[in-house]
S.K.: 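One structure, as structure tokens, below. Some questions next.
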Amino acid sequence: MQSSIRLERDPAVQYLLRIGDTCLILGQRLAEWCGHAPILEEDIALTNMALDLVGQARALLTHAGRIEGQGHDEDHLAFLRDERDYFNVTMVELPRGDFAFTVLRNVMVATLLKLLWERLADSSDAELAAIAGKAVKEARYHQQHAADWVVRLGDGTAESRRRTESALKQLWLYTAEWFESDPVDEQAQANGLGPRWADLREPWQAEMAAILDDATLATPADSAFRSTGKSGLHSEHMGFILTTMQHLQRSFPGGVW
Amino acid sequence: MDNTKEPTSATPATEWPLWEIFVRSRAGLDHKHCGSLHAADPKMAIQLARDVYTRRQEGSSIWVVRSDQIVASDPGDKGMYFDPMEDKVYRHPTFYQLPDAVDHM
């Protein structure tokens, strides 16, 4: 049994892990669709996207490990942290739900990541800028693919609309957390590492409004609920997904293919 | 079980049309047929073709064509269409004397 690593709470590391962990956990959730998607072609599309996200997570975790300077590589960071040292947004750890929930979550997160990568391409950190330059192309496709499904389902049959509306109501609550500023964000903005996520709120809402409008769905009202994944405080689902992800590496430390 | 009923001619609503997929690997080369898939409309066909047929860097361009829009020759015509070409070797440009300097024609 491999014990957990201790993570240095450095703001730059935390800023990178917010993005990297969001990619990692959503990648894991999407991988759960392998063999279960409604059609074969979409099964391949979802797992392609899962692998894109895991690839982005690998690059970011590797880079975060270097900045942290404790000798942690991508595998240490992916598989040996305790729950509260993960900084993904809470939305991505929610169970995969039905197909409407999945494509709606995908379009919300892909829109956020696309806006982030576009700005991170100008980061003062050259490595991060290079990662962003590659990832933004993937995020653009993820957004388009998921948005098309949301429009089809929202403006589809009574049943698909009902499911999409229900997913929208649940998921919208978890977007408020994304755009709350805190010292991690302020420092990233100040030293040119990356944008304050709060500054992405307006463009994100504009792009989502256009997609929801196409899907003939109403944008839900804001709520007072705040999830806290970005600070390391997760929902009850996080422990379960980490157990699945970590068990192999914990049981067979250093195991490789 | 009642097997005497005629199958209905209408396509069930649950069945998406079939599309033939053509991928061009590099600029300058031809689009090559690489397979088929089901999709609800052209946009979805292009996206799914991208995900199914170009995920190992096979492509730089995709064409999709609805399978029912392709007109094919009748297999029954194979004899009269293609067999007469069997003994017309003179249609191959293999009877020219090439200068020695020209290799690998």
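Lettering of chains follows the sequences in order, A, B, ..., and the numbering in each one begins at 1. FYI, side chains are in, hydrogens and waters are out, and symmetry mates aren't considered; it's all heavy atoms of this structure.
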S.K.: Can you establish whether the number of heavy atoms outside A:Arg152 located under 6.0 Å from its atom CZ is more than 12?
M.R.: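 Yes - once you tally the heavy atoms of other residues, nucleotides and ligands closer than 6.0 Å, there are more than 12.
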
S.K.: Could B:Arg55 and A:Asp52 be called an ion pair, given the rule that one side-chain N must be under 4.0 Å from one carboxylate O?
M.R.: no

S.K.: Let me confirm one number: the CD-CG distance from A:Glu42 to B:Leu37, rounded to the nearest 0.5 Å.
M.R.: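 Those atoms lie 11.5 Å apart.
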
S.K.: Would you indicate whether B:Lys78, at its atom NZ, is surrounded by more than 12 heavy atoms from other residues, nucleotides or ligands within a distance under 6.0 Å?
M.R.: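 Not buried by this count: 12 neighbours or fewer within 6.0 Å.
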
S.K.: Measuring from atom CG of A:Leu40 to atom CG of B:Leu48, what distance do you get when rounded to the nearest 0.5 angstrom?
M.R.: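 Here the interatomic distance stands at 9.5 Å.
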
S.K.: Which bit of B:Ala39 comes within less than 4.5 Å of chain A, counting heavy atoms only: side chain, backbone, both or neither?
M.R.: neither

S.K.: Which atom pair, heavy atoms only, marks the closest approach of B:Gln47 to A:Tyr141?
M.R.: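 Heavy atoms only, the tightest pair is O-OH, 3.2 Å.
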
S.K.: When you compare the side chain of A:Glu41 with that of B:Met44, does any pair of heavy atoms fall below 4.5 Å?
M.R.: no

S.K.: Could you have a look at A:Thr47, A:Asp43, A:Ile44 and say which one has the most heavy-atom pairs with chain B under 4.5 angstrom?
M.R.: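 Ranked by contacts with chain B, first place is A:Ile44.
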
S.K.: Side chains of B:His38 and A:Ile39: closer than 4.5 Å at any heavy-atom pair?
M.R.: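 No, every pair of side-chain atoms sits at 4.5 Å or beyond.
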
S.K.: Return yes when atom CD of A:Glu202 has more than 12 non-hydrogen atoms of other residues, nucleotides or ligands closer than 6.0 Å, and no otherwise.
M.R.: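 Not buried by this count: 12 neighbours or fewer within 6.0 Å.
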
S.K.: Can you tell me if CD on B:Glu86 sees more than 12 non-hydrogen neighbours from other groups inside 6.0 Å?
M.R.: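 12 or below, so no.
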
